[in-house]
Each structure stands twice: as C-alpha cells, then as structure tokens.
Amino acid sequence: MAEADVVVVGAGLAGLVATYELTRAGRSVLVVEQENADNLGGQAHWSLGGLFLVDSPEQRRIGIRDDHELALRDWMGSAAFDRPEDYWPRRWAEAYVAFAAGEKRAYLRGLGMRFMPFVGWAERGDGTATGHGNSVPRFHFGWGTGPEIVRVFAERVREAERAGLVRFEYRHRVDELLVSGGAVRGVRGSVLEPSAERRGVASSRTVVGEFERRAQAVVVASGGIGGDHDLVRRNWPERLGRPPEHMLTGVPAHVDGRMLDVGERAGASVVNRDRMWHYTEGIANWDPVWPGHGIRILPGPSSLWLDATGNRLPPPYFPGFDTMGTLRRILATGHDHSWFLLDRSILAKEFGLSGSEQNPDLTNKRLRDLLSRVGGGPPGPVAAFERRGADFVVRDNLRDLVAGMNELTGHRLLDHERVRREVVARDREMRRPYGKDAQITAIRSARRFASDRVLRVASPHELLDARHGPLIAVRLRVLTRKTLGGMRTDLDSRVLRPDGEVLEGLYAAGEAAGFGGGGMHGYNALEGTFLGGCVFSGRNAGRALVRDLG
C-alpha cells in the first residue's frame with residue numbers, strides 16, 4: 001500500500017518546490033531526509049540568495065540593457081556543450097534562460113520574494129564576445145538571502161503538512177530505490193539515530209533501524225557531491241589538471257552524492273560526473289560549522305592576484321571574471337593556493353563574503369545596516385575575518401607582508417623582489433589615464449556601472465600609496481561547491497535510462513539532476529543559476545507529476 005502519492009528524497013530547496021507544486025494540486029507527499037528538522041532547506045539556507053534574471057525591472061532601472069537572445073548566447077558560450085549526452089542539458093538550458101527572462105521573477109514575487117534594487121555583475125568572463133561570461137550584470141540579490149527563498153516555499157509546505165498532505169520523516173537515509181515491473185515505486189533505507197545537532201553540523205551515521213516506503217513515484221532532490229572530497233577527487237576532470245591535495249568545503253558534510261549511485265543502481269542514467277563548479281577564492285572560516293568549513297570571497301576587480309610563487313595571474317584571470325579558467329591556471333602551478341594582494345581601501349569596498357550567515361544585514365532585512373556599507377569601513381563579517389581569519393596577513397610595508405605570507409604557508413615560495421616588481425608595474429600603470437594593463441582597464445570600466453561604483457569597486461589607486469594602507473594579503477584555496485552533472489532528465493524532470501527511455505516513476509530535481517537534464521550549465525556557470533535551477537527543476541517535477549498521476 002502506498003504511503004503517499006509521491007516520496008520526495010531530500011528536504012532542500014528543490015524538494016520543497018516539488019512538494020509545494022504537488023500539494024497545491026491536492027497530492028500527498030512523504031519527504032524523507034537524512035538530517036534533522038533544523039536542516040530544512042538544505043544548502044540553499046546557507047547561500048547568498050543570488051538569482052539570475054534577464055531584462056528585469058531592477059536591471060532596467062539602472063540602465064542595464066539585457067534580453068533573452070543575449071542571455072542565451074552568453075549561456076551557450078559558457079556551457080560549451082560538446083557531448084552526445086548534452087541533448088537534454090541543452091534543452092534545459094534553453095528552457096531555463098526563457099524562464100529567467102520570463103515568469104521566474106513573477107513566480108517568486110507571487111510567493112513573497114523581494115529583490116534588492118542593485119544588480120551584481122558575476123562571472124564577467126574570459127575576455128571574448130562569444131565565450132564564457134555575463135555580458136551584462138544579472139546577479140539579483142534576494143532580500144533575505146538564502147533563508148528567504150527557503151521560507152517562501154517552506155511556509156507553504158508546512159501549511160500543507162498541517163492540512164495532512166505532507167509528512168516529514170527526518171533521519172531517514174535512502175539506500176535503495178524500489179523497482180517493480182520496471183518502474184520505481186518507493187524507497188528503502190536506514191533510520192539514523194536521533195540528532196540534536198544544529199543546522200549544518202556533521203551528524204551521526206549510526207543506524208538504529210530500517211524503513212520501506214511505497215508511492216506512485218519518487219522525486220530525488222538530494223543535492224550533489226561537494227561535501228565528500230574523496231568523491232570530488234574521484235570525479236575530477238583531467239581538463240582542470242591534477243585534483244588539489246588540500247581543499248576547503250563549501251557545503252555541509254551531508255552533501256555526499258549518495259543518491260547518484262543509488263539512482264544508477266536502479267537503472268538511472270547519470271551523466272557528466274566530471275563537470276563541477278568549485279571556487280578559487282576560498283578562505284577558512286574562523287568560526288566553522290561543518291568540517292573544513294570554507295567561505296568564498298566575493299571580490300571586486302582590484303586585488304592583485306598572485307600565484308603561490310608570486311607571479312601575477314595573466315588576463316583574463318582577474319577577481320570575479322572566469323572561475324574555471326582561473327582554477328585551471330592556479331593548479332597548473334603545482335600548488336593548491338594563490339594570493340590576493342590588496343590594501344585596506346580595497347578590502348573595505350570590494351570584499352564581500354558568500355553566504356547568508358556572512359551577510360546578516362541582508363539576511364535579517366536590516367536596511368539601516370545595509371546602508372552603512374556605503375562609504376564606511378569593511379562590513380562587520382569581513383572585518384572579523386581580517387582580525388581572526390587564518391588566511392589573512394596584514395602589514396605596514398611590502399617586505400614585511402611577503403615575510404608574513406611565507407610564514408603563513410611555512411614555505412619560502414615568495415621572493416620580495418619578485419612580488420615588488422609585480423606591484424610596482426601595476427602601480428605604474430595606475431598613474432596614467434590610459435595604458436595596456438587589462439585589469440586596470442577592467443577596473444575603470446566597472447566604475448562606469450553605477451552599482452559597482454557605489455558599492456563594489458574602489459576608486460583606482462596605487463597599492464603602495466600609504467594613504468590606503470595597511471597592505472593585506474589573503475591566501476586563497478579551492479572551495480568545493482556545486483555538482484554540474486547528475487541524473488539525466490527530460491524537461492518534465494523524468495529520469496531517463498542509459499538507452500534514453502524514461503525510467504517510469506522516477507523524477508529528479510536540483511543538483512542531483514545537474515539542475516536539469518544531467519547538467520544544464522555545461523562546463524561553466526553564469527552564477528545566480530543554482531538556486532534558480534533548483535526552483536525551475538523542482539517546479540517542473542512537481543507539475544509533471546500532477547499531470548502524470550492523473
């Protein structure tokens with residue numbers, strides 16, 4: 001006998017969206033989740049809440065001219081689809097960009113989501129018109145960050161729970177999909193011992209029982225592999241070089257990728273395992289929640305980016321431009337880390353930190369605190385990292401700064417004269433209104449965009465100008481984050497078999513499906529597309545099930 005119409009595996013954002021769509025049509029849903037109730041919303045809770053929108057009112061108000069055709073061209077240039085199995089990822093990419101240029105904003109606003117009036121310019125690109133990157137700013141900040149986009153769906157799911165349409169079973173880990181007559185008709189797994197750990201903290205994996213639940217269909221919305229470094233390394237692509245020996249973790253430990261193998265054993269096609277999205281600007285969290293907890297710096301374009309030996313990264317590998325290209329370049333040095341070299345003025349204006357907990361003014365919707373960012377010193381969380389972060393070195397002169405950088409790593413990889421040559425060459429170009437330094441050209445270009453000039457890009461100046469000191473160096477490490485491959489799905493989020501036929505009864509959404517199709521981002525992301533991918537694929541799954549269940 002069925003326990004519910006549908007079992008949803010995973011109580012993250014994609015699972016909540018699918019559940020919302022099912023229950024608004026009167027369908028009953030059982031949500032099974034291996035963590036406790038405090039983890040409702042999953043990784044989305046920890047996010048900055050950025051969303052990719054195209055030709056939005058927020059863009060138009062500040063003079064950004066965007067349209068569907070340009071966004072699709074940017075997406076396809078970044079994705080660089082080149083595999084036979086990219087048929088469905090390409091279809092998902094086309095559908096998602098249309099969603100972002102169409103009803104996405106209205107859909108979220110109808111649920112109570114609001115957006116900040118400024119728009120960020122993430123992933124500015126590889127320096128070509130047809131390659132990777134956003135041609136215009138498209139990163140829209142949700143007012144309330146990640147917890148808010150979770151809230152607008154979670155509240156409605158809880159209403160359905162009170163109405164008897166939803167039941168949650170926490171600390172239930174799915175180990176097997178039940179297949180009958182060639183169709184998925186339920187789940188089987190292990191009951192884990194109760195956990196009172198706070199959100200994100202690694203929990204016990206002690207098994208205290210077993211469970212089996214039947215349904216007409218199952219939706220897998222269990223996330224990716226970023227919490228398991230061994231799994232990340234096992235799937236590491238050759239095109240990026242050797243996998244890092246040392247990485248920070250940008251997601252909680254429960255983001256373990258287990259359901260990809262579980263789905264594959266049941267007959268699902270899992271594709272593009274080697275496509276992944278990890279950040280190069282990771283710093284160790286001085287107040288960690290999960291093991292190896294790292295935070296990503298959201299940089300403006302002015303910091304001087306040096307490799308582990310003190311050589312400046314070449315164009316287009318500037319802060320905030322080309323994540324995957326920069327990652328490949330850094331690992332080619334034979335080292336796992338790199339450096340930002342900057343000063344207090346750049347720190348104050350250009351350093352943001354990714355994550356809801358690192359942006360309390362946005363997360364808690366405190367407008368007065370948000371306004372204090374304009375013209376003030378570093379935001380409170382940034383200042384705390386400067387004081388307490390293990391990766392920050394602060395000195396009054398360059399010679400002492402380089403000595404401190406070598407002391408931090410325990411290796412004399414940096415030579416003062418080499419670093420000085422890079423800094424002096426950069427400063428010399430800064431003195432002229434025109435020059436050949438591509439990064440300085442990019443800085444001046446960014447300041448023509450009002451949001452960047454007011455909020456994100458420091459006034460151009462020389463690093464060795466004492467009026468802007470002290471000097472600061474920040475060690476950067478690879479930070480695991482998103483899985484870009486996953487279960488292959490059609491546009492209704494129905495999981496496909498290796499032969500391309502539908503695996504009846506099984507649907508997948510969010511990161512477990514590569515955000516749609518088994519990898520709608522291809523090789524690169526334009527940012528603000530992960531939460532939106534969870535919303536879009538979860539919505540498609542829920543609506544398709546409403547239709548398919550009759």
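Everything numeric here is computed off the predicted structure, so don't read it as measured data. Keep in mind that the numbers below use all heavy atoms, side chains included, and drop hydrogens, waters and symmetry copies.
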| Around atom CD of E417, are there more than 12 heavy atoms of other residues, nucleotides or ligands at under 6.0 Å? | yes

| What heavy-atom pair brings R199 and H45 nearest, and what distance separates the two atoms? | CD-CD2, 3.1 Å

| task | For S302 and V457, run side-chain contact (heavy atoms from CB on, under 4.5 Å): C-alpha distance rounded to whole Å, both residues' side-chain angles, the deciding distance at 0.1 Å, then the answer. | result | CA-CA 7 Å; S302 300; V457 184; 4.3 Å; yes

| query | Short question: side chain of D86, backbone of R83 - any donor-acceptor pair under 3.5 Å? | reply | yes

| query | Is the backbone N or O of D55 less than 3.5 Å from a side-chain atom of D67, with the two atoms forming a donor-acceptor pair by type? | reply | no

| Under 3.5 Å, side chain of T326 to main-chain N/O of D322, donor-acceptor pair present? | yes

| message | W236 vs H278, test: side-chain contact (heavy atoms from CB on, under 4.5 Å). Steps then yes/no. | response | CA-CA 11 Å; W236 193 265; H278 306 305; 3.5 Å; yes

| Would you find a donor on one side and an acceptor on the other, under 3.5 Å apart, between the side chain of S537 and the backbone of G510? | yes

| Carboxylate-amine/guanidinium proximity below 4.0 Å for K482 and E511 | yes

| said: What I'd like to find out is whether the side chain of H335 reaches to under 4.5 Å of the side chain of I330, using heavy atoms alone. | reply: no

| message | Regarding H337 and T409, do their side chains bring together a donor and an acceptor under 3.5 Å, going by distance alone? | response | no

| said: If I take atom CD from residue Q358 and atom CD1 from residue I297, how far apart are they, to the nearest 0.5 angstrom? | reply: 11.0 Å

| field | Taking every non-hydrogen atom, the tightest pair across L48 and L362 | value | CD1-CD1, 4.4 Å

| query | With under 30° as parallel and over 60° as perpendicular, where do the rings of F99 and F536 fit, or are they tilted in between? | reply | parallel

| field | Heavy-atom check, side chain of V402 versus side chain of D400, under 4.5 Å | value | no

| query | Quick one: CG on D66 to CD on E58, what's the gap to the nearest 0.5 Å? | reply | 12.5 Å

| Should the pair R418-D307 be classified as a salt bridge under the 4.0 Å nitrogen-to-oxygen rule? | no

| message | Is it the case that the side chains of S203 and E35 hold a donor-acceptor pair, with the cut-off being a distance below 3.5 Å and no angle test? | response | yes

| field | Validation row: H521, F530 side chains within 4.5 angstrom (heavy atoms) | value | yes

| said: Please determine whether side-chain contact (heavy atoms from CB on, under 4.5 Å) holds for the pair D261 and V270, giving the CA-CA distance in whole Å, both sets of side-chain angles, and the decisive distance to 0.1 Å. | reply: CA-CA 8 Å; D261 287 341; V270 178; over 6 Å; no

| task | Could you tell me whether R205 atom CZ has more than 12 heavy atoms of other residues or ligands within 6.0 Å of it? | result | yes

| query | Taking C-beta and beyond as the side chain, do I346 and S303 meet within less than 4.5 Å on heavy atoms? | reply | yes

| said: Using only atom types and a distance under 3.5 Å, with no angle test, would you say the side chain of T249 pairs donor to acceptor with the backbone of G227? | reply: no

| Any side-chain donor-acceptor pair under 3.5 Å between R312 and Q439? | yes

| N524 CG to E123 CD distance, which is reported to the nearest 0.5 Å | 7.0 Å

| query | How far apart are the closest heavy atoms of V454 and K349, and which atoms are they? | reply | O-CE, 3.0 Å

| Enclosure of R242 CZ (heavy-atom neighbours >12, cutoff 6.0 Å) | yes

| query | Taking all non-hydrogen atoms of both residues, which atom of S47 and which atom of P147 are closest, and how far apart? | reply | O-CD, 4.5 Å

| request: List the atom of G518, the atom of P89, and the distance in Å for their closest heavy-atom pair. | output: C-CG, 4.2 Å

| task | Can you sort out the partners of H461 under side chain to side chain donor-acceptor pair (under 3.5 Å), two or more places apart, ordered by chain and number? | result | D343

| message | Centroid separation under 6.0 Å, is that true for the rings of Y523 and H132? | response | no

| query | Does a salt bridge link R124 with D452, judged by any charged N lying under 4.0 Å from a carboxylate O? | reply | yes

| Would you say the side-chain atoms of N406 pair up with the backbone N or O of L414, donor to acceptor, closer than 3.5 Å? | yes

| task | Check for a donor-acceptor pair, side chain of D336 on one end and backbone N or O of P244 on the other, with a separation under 3.5 Å. | result | no

| request: Flag the pair W339 / L408 as yes when at least one side-chain heavy-atom distance between them is below 4.5 Å, and no otherwise. | output: yes

| query | Just checking, any donor-acceptor pair under 3.5 angstrom between side chains of D74 and S135? | reply | yes

| Any side-chain heavy-atom pair from M76 and E94 closer than 4.5 angstrom? | yes

| Any donor-acceptor N/O pair, N39 side chain to G200 backbone, under 3.5 Å | yes

| field | Ring centroid separation F515 to W92 under 6.0 Å | value | no

| message | By the definition salt bridge (Lys or Arg N to Asp or Glu O under 4.0 Å), identify the one residue from R296, R475, R481, R477 that meets it with E281. | response | R296

| query | Got a sec: does the CZ of R444 have more than 12 other heavy atoms crowding it under 6.0 Å? | reply | yes

| request: Flag the pair I149 / V535 as yes when at least one side-chain heavy-atom distance between them is below 4.5 Å, and no otherwise. | output: yes

| query | Can a salt bridge be assigned to the pair E264 and R273 using a cut-off of 4.0 Å between side-chain N and carboxylate O? | reply | yes

| message | Rounded to the nearest 0.5 Å, what separates atom NE2 in H229 from atom CG in L248? | response | 7.5 Å

| request: Working to the nearest 0.5 Å, report the span between NE2 of H293 and CG of N285. | output: 4.5 Å

| task | Taking D427 for its side chain and L464 for its backbone only, find out whether a donor-acceptor pair lies under 3.5 Å. | result | yes

| request: Begin from the C-alpha positions of W305 and F340 and carry the test ring pair (Phe, Tyr, Trp, His ring centres under 6.0 Å) through to its verdict. | output: CA-CA 5 Å; W305 205 335; F340 276 167; 4.9 Å; yes

| Rounded distance [0.5 Å steps], CG in L484 versus CE in M520 | 10.0 Å

| request: State, without any angle test, whether T363 and E357 hold a side-chain donor-acceptor pair at a distance under 3.5 Å. | output: no

| Can you check side-chain contact (heavy atoms from CB on, under 4.5 Å) on T529 and W75, steps first, answer last? | CA-CA 10 Å; T529 57; W75 191 290; 3.5 Å; yes

| request: Please check if the side chain of N134 supplies one atom and the backbone of A122 the other of a donor-acceptor pair under 3.5 Å. | output: yes

| task | Would you name the heavy atoms of L13 and C534 that are closest together and state the gap between them? | result | CD2-CB, 3.9 Å

| Can you tell if the side chain of L401 reaches within under 4.5 Å of the side chain of L398, non-hydrogen atoms only? | yes

| task | Flag the pair D274 and R239 as a salt bridge only when some basic side-chain nitrogen lies within less than 4.0 angstrom of an acidic carboxylate oxygen. | result | yes

